[in-house]
Amino acid sequence: DQIIGVLAGRINLMSIWELVDEIRIGATGNVFVIGNKGQLIAHRDKKKVLDRSEVIDLSLIKNIENQIQKSIVFYNPEGEKMLGTITLLRDFNWLIIIQQSEEEAFELVTVMRYQVFAFVGLVIILAIVLSYLLEKRISSPINSLVAGVKRYADGDLDFRLSSERFDEISVLASEFN
């Protein structure tokens, strides 16, 4: 066994690092690239790359080779619940992982939920107020008519019902008059 030659290569990852730096997913989201043995290749925080920090539990990304894309929910090393999407770059056997905190990802849904509750509450209050006003508009002339009929029944035949409206109640009041 003789060494016939040596082939050395150098890969410049700066362009990948710059691309990862440019990608923003909200305030907490980021993108990183992991090699086939779990080594961090590119991350917004270069110190994590140089320190070979673990940014995701490698058990979560096992068997990704059988899939093109996989969505996961996991906890990052800081204990924050994250939503992520993993894509395999088959040519390099690298994984691109896009992650964002679950809280931030669902922040708009939470805001919309509160807005819907507020809107429904406002509609209920408006319905109650309108039904009260409608009830008063209907019952007030009827109550006046009932009071007038009682006065007639008590013998006050000079009493006259006033009718400013133009509906069935006013027709009935004018008939009593």
Side-chain angles (χ1 to χ4, degrees), residues 18-34 42-45 48 53-64 66-88 95-177:
E18 289 170 1
L19 182 62
V20 166
D21 286 343
E22 291 175 12
I23 299 173
R24 301 276 183 225
I25 297 106
T28 61
N30 61 18
V31 176
F32 53 93
V33 180
I34 294 180
H43 193 281
R44 183 183 299 164
D45 184 354
K48 289 183 178 185
S53 299
E54 183 178 305
V55 291
I56 191 168
D57 184 3
L58 296 179
S59 66
L60 294 171
I61 56 177
K62 284 183 181 173
N63 303 323
I64 190 69
N66 302 332
Q67 304 170 11
I68 295 174
Q69 190 170 3
K70 179 180 179 181
S71 295
I72 58 172
V73 178
F74 62 97
Y75 289 91
N76 66 9
E78 291 81 29
E80 186 177 17
K81 194 171 187 181
M82 305 294 278
L83 303 178
T85 300
I86 303 171
T87 301
L88 176 66
L95 298 173
I96 298 176
I97 302 172
I98 301 170
Q99 68 177 7
Q100 184 177 30
S101 73
E102 183 183 57
E103 181 181 338
E104 183 181 6
F106 291 123
E107 185 176 330
L108 182 59
V109 173
T110 303
V111 168
M112 288 177 65
R113 181 184 309 142
Y114 290 131
Q115 288 175 343
V116 166
F117 287 150
F119 180 73
V120 168
L122 183 65
V123 167
I124 290 171
I125 290 169
L126 185 63
I128 290 170
V129 168
L130 288 177
S131 64
Y132 175 77
L133 293 175
L134 184 61
E135 181 270 331
K136 285 296 179 191
R137 180 163 168 76
I138 292 172
S139 66
S140 179
I142 293 174
N143 290 337
S144 297
L145 187 60
V146 169
V149 169
K150 283 184 182 178
R151 285 183 72 173
Y152 280 129
D154 290 340
D156 185 4
L157 301 176
D158 293 329
F159 178 74
R160 296 290 176 247
L161 295 169
S162 63
S163 70
E164 300 93 25
R165 298 170 47 154
F166 301 101
D167 59 6
E168 294 82 4
I169 303 292
S170 64
V171 170
L172 189 57
S174 66
E175 288 299 318
F176 274 109
N177 290 334

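Only heavy atoms go into these numbers, but all of them, side chains included; no hydrogens, no water, no symmetry mates. Since this is a predicted model, take the numbers as computed values, not measurements.
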Exercise for review: Give a yes or no answer on whether the side chain of E104 reaches the backbone of A27 with a donor-acceptor pair at less than 3.5 Å.
Suggested key: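 It does hold such a pair.
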Can you give me the closest heavy-atom contact between [X] and [Y], atom names plus distance?
X    : Y    : answer
T28  : M82  : O-CE, 4.4 Å
L83  : F106 : CD1-CE1, 3.7 Å
I97  : I34  : CD1-CD1, 3.6 Å
D156 : R151 : OD2-NH2, 2.7 Å

### Side chain to side chain, I86 and L88, heavy atoms closer than 4.5 Å
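No, every pair of side-chain atoms sits at 4.5 Å or beyond.
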Rounded to the nearest 0.5 Å, how far does [atom2] of [Y] lie from [atom1] of [X]?
X    : Y    : atom1 : atom2 : answer
I138 : L133 : CD1   : CG    : 11.5 Å
L108 : Q115 : CG    : CD    : 8.0 Å
S101 : I25  : OG    : CD1   : 11.5 Å
I96  : L19  : CD1   : CG    : 8.0 Å
D21  : D45  : CG    : CG    : 10.0 Å
K81  : N76  : NZ    : CG    : 12.5 Å

Could you give all pairs that pass the salt bridge (charged side-chain N to carboxylate O under 4.0 Å, His left out) test and reach residues 111-134, with sequence neighbours left out?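 For residues 111-134, and leaving out neighbouring residues, there are no salt bridge (charged side-chain N to carboxylate O under 4.0 Å, His left out) pairs at all.
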Neighbour count >12 (heavy atoms, 6.0 Å) for atom CD, E80: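 Check passes, neighbour count above 12.
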Problem set entry | R24, CZ atom: more than 12 neighbouring heavy atoms under 6.0 Å |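 More than 12 heavy atoms, drawn from other residues, nucleotides or ligands, come within 6.0 Å of this atom.
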